[in-house]
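I have placed the structure first, in the form of structure tokens, so that the comments after it can refer back to it.
Side chains are part of it too, since the values below use all heavy atoms of this structure and drop only hydrogens, waters and symmetry mates. One-based numbering, in listed order, for ligands and for the atoms of each.
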Amino acid sequence: MIEEEIPDQGIRLRSPDAAEGGAIWSVARDTGTLDLNSSYLYMLLARDFADTCVVAEQDGQLVGFVTGYRRPRQPEVLFLWQIGIHPDFQGKGLGKRLVGAFLRQPGADRASVLETTVSPDNASSRALFESIARDLGTGCHVKPCFAAEDFPEAGHEAEDLFTIGPFRPAALNRLVS
Ligand SMILES: CC(C)(COP(=O)(O)OP(=O)(O)OC[C@H]1O[C@@H](n2cnc3c(N)ncnc32)[C@H](O)[C@@H]1OP(=O)(O)O)[C@@H](O)C(=O)NCCC(=O)NCCS
């Protein structure tokens, strides 16, 4: 389990407890922009994938989260599924710190590539991952992953695959903690 404290902000970064899936769902809802999945899915993630998830807590409230998993057939790849910061806490460096904690947690041990998908018009998310690649001193390769028409429901945006890496474990020390 990871445990990091952001100096002066009283924000703690840690693995979620098994019972915190509902609270993660609430933060995802509060972002207003994330694809909101069923609460049941977030509950399963907190219960079974806590080693590859991190939450940010302030005064007992979750204010951010990142969820992901290792690709079963490519364990060197850590896939970041969703990151969400409560609107009151966006633009203050918390997203970068959460990704740093995500990459440093024990469940990410020996991973050398970070993958995620981002929709083309999500400027903040694209900026976040480009910034992470710069800090790690590695490349950020972007290619189409899912087209809008791949989604069964109308109105879903396309998703581009961001591949960041390879990076060495020592490079993780360059990410703010
Ligand atoms: C995307 C998100 C996680 C970023 O987290 P954040 O805490 O706001 O971002 P940070 O303050 O850590 O900023 C990280 C970098 O992105 C840049 N950035 C952040 N928001 C930006 C914006 N709106 N436009 C351009 N750049 C932006 C910052 O300048 C910083 O770059 P730098 O390191 O070069 O200075 C957050 O805005 C969010 O939760 N958005 C809603 C949900 C979402 O879209 N999630 C991503 C899809 S899974």
Side-chain angles (χ1 to χ4, degrees), residues 2 4-14 16 20-21 23-39 41-42 45-46 49 52-58 61-69 71 77-105 108 113-140 142-146 148 150-151 153 155-165 167 171-177:
I2 194 160
E4 295 182 2
E5 188 97 27
I6 301 181
D8 307 328
Q9 292 184 38
I11 296 180
R12 208 154 64 96
L13 306 183
R14 58 171 175 79
E20 282 184 314
I24 296 173
W25 178 89
S26 299
V27 177
R29 178 199 57 198
D30 292 346
T31 65
T33 52
L34 275 179
D35 256 359
L36 186 60
N37 296 274
S38 74
S39 52
L41 180 51
Y42 295 93
L45 286 168
F49 291 84
T52 50
C53 296
V54 184
V55 293
E57 176 201 316
Q58 188 190 54
Q61 296 286 318
L62 293 199
V63 297
F65 71 90
V66 54
T67 55
Y69 57 86
R71 294 198 79 199
V77 177
L78 196 61
F79 185 82
L80 188 156
W81 177 47
Q82 278 191 321
I83 178 166
I85 310 293
H86 188 281
D88 293 347
F89 292 80
Q90 290 178 11
K92 299 174 178 174
L94 182 54
K96 260 181 104 164
R97 286 177 187 274
L98 265 173
V99 177
F102 178 72
L103 294 173
R104 283 189 291 265
Q105 66 193 318
V113 174
L114 170 66
E115 274 189 358
T116 193
T117 70
V118 183
S119 56
D121 67 355
N122 193 335
S124 55
S125 197
R126 295 179 93 86
L128 169 65
F129 292 108
E130 284 160 3
S131 169
I132 293 286
R134 276 197 304 277
D135 286 3
L136 288 172
T138 191
C140 177
V142 182
K143 64 178 185 185
C145 185
F146 300 117
D150 292 338
F151 290 91
E153 73 273 38
H156 200 297
E157 285 183 283
E159 294 277 345
D160 288 338
L161 180 68
F162 278 52
T163 304
I164 295 169
F167 51 82
L172 299 178
N173 298 328
R174 296 193 213 134
L175 294 176
V176 282
S177 56

query = Excluding sequence neighbours, so at least two apart, what forms side-chain hydrogen bond (donor to acceptor under 3.5 Å, both in side chains) with Lys92?
reply = none
query = Which residues pass the salt bridge (charged side-chain N to carboxylate O under 4.0 Å, His left out) test with Glu159, sequence neighbours left out?
reply = none
request  = Examine distances only and state if a side-chain atom of Glu130 and a backbone atom of Cys140 form a donor-acceptor pair shorter than 3.5 Å.
outcome  = no
query = Looking at residues at least two apart in the chain, or sitting in another chain, which of them share a side-chain hydrogen bond (donor to acceptor under 3.5 Å, both in side chains) with Gln82?
reply = Tyr42
Main-chain N/O of Ala158 paired with Asp160 side-chain donor or acceptor, under 3.5 Å = no
Pairs of nitrogen or oxygen atoms, one from ligand 1 and one from the protein, closer than 3.5 Å: please tabulate them with distances.
unit_1	atom_1	unit_2	atom_2	d
ligand 1	7 (O)	Gly95	N	2.8
ligand 1	8 (O)	Gly91	N	2.8
ligand 1	11 (O)	Lys92	N	3.2
ligand 1	11 (O)	Gly93	N	2.7
ligand 1	12 (O)	Gly95	N	3.3
ligand 1	12 (O)	Lys96	N	3.0
ligand 1	33 (O)	Lys96	NZ	2.9
ligand 1	33 (O)	Ser131	OG	2.6
ligand 1	34 (O)	Arg134	NH2	3.0
ligand 1	39 (O)	Ile85	N	2.8
ligand 1	44 (O)	Asn122	ND2	2.8
ligand 1	45 (N)	Ile83	O	2.8

message = Under a 3.5 Å distance rule, please check whether Thr116 uses its side chain to pair with a backbone N or O of Leu80 as donor and acceptor.
response = yes
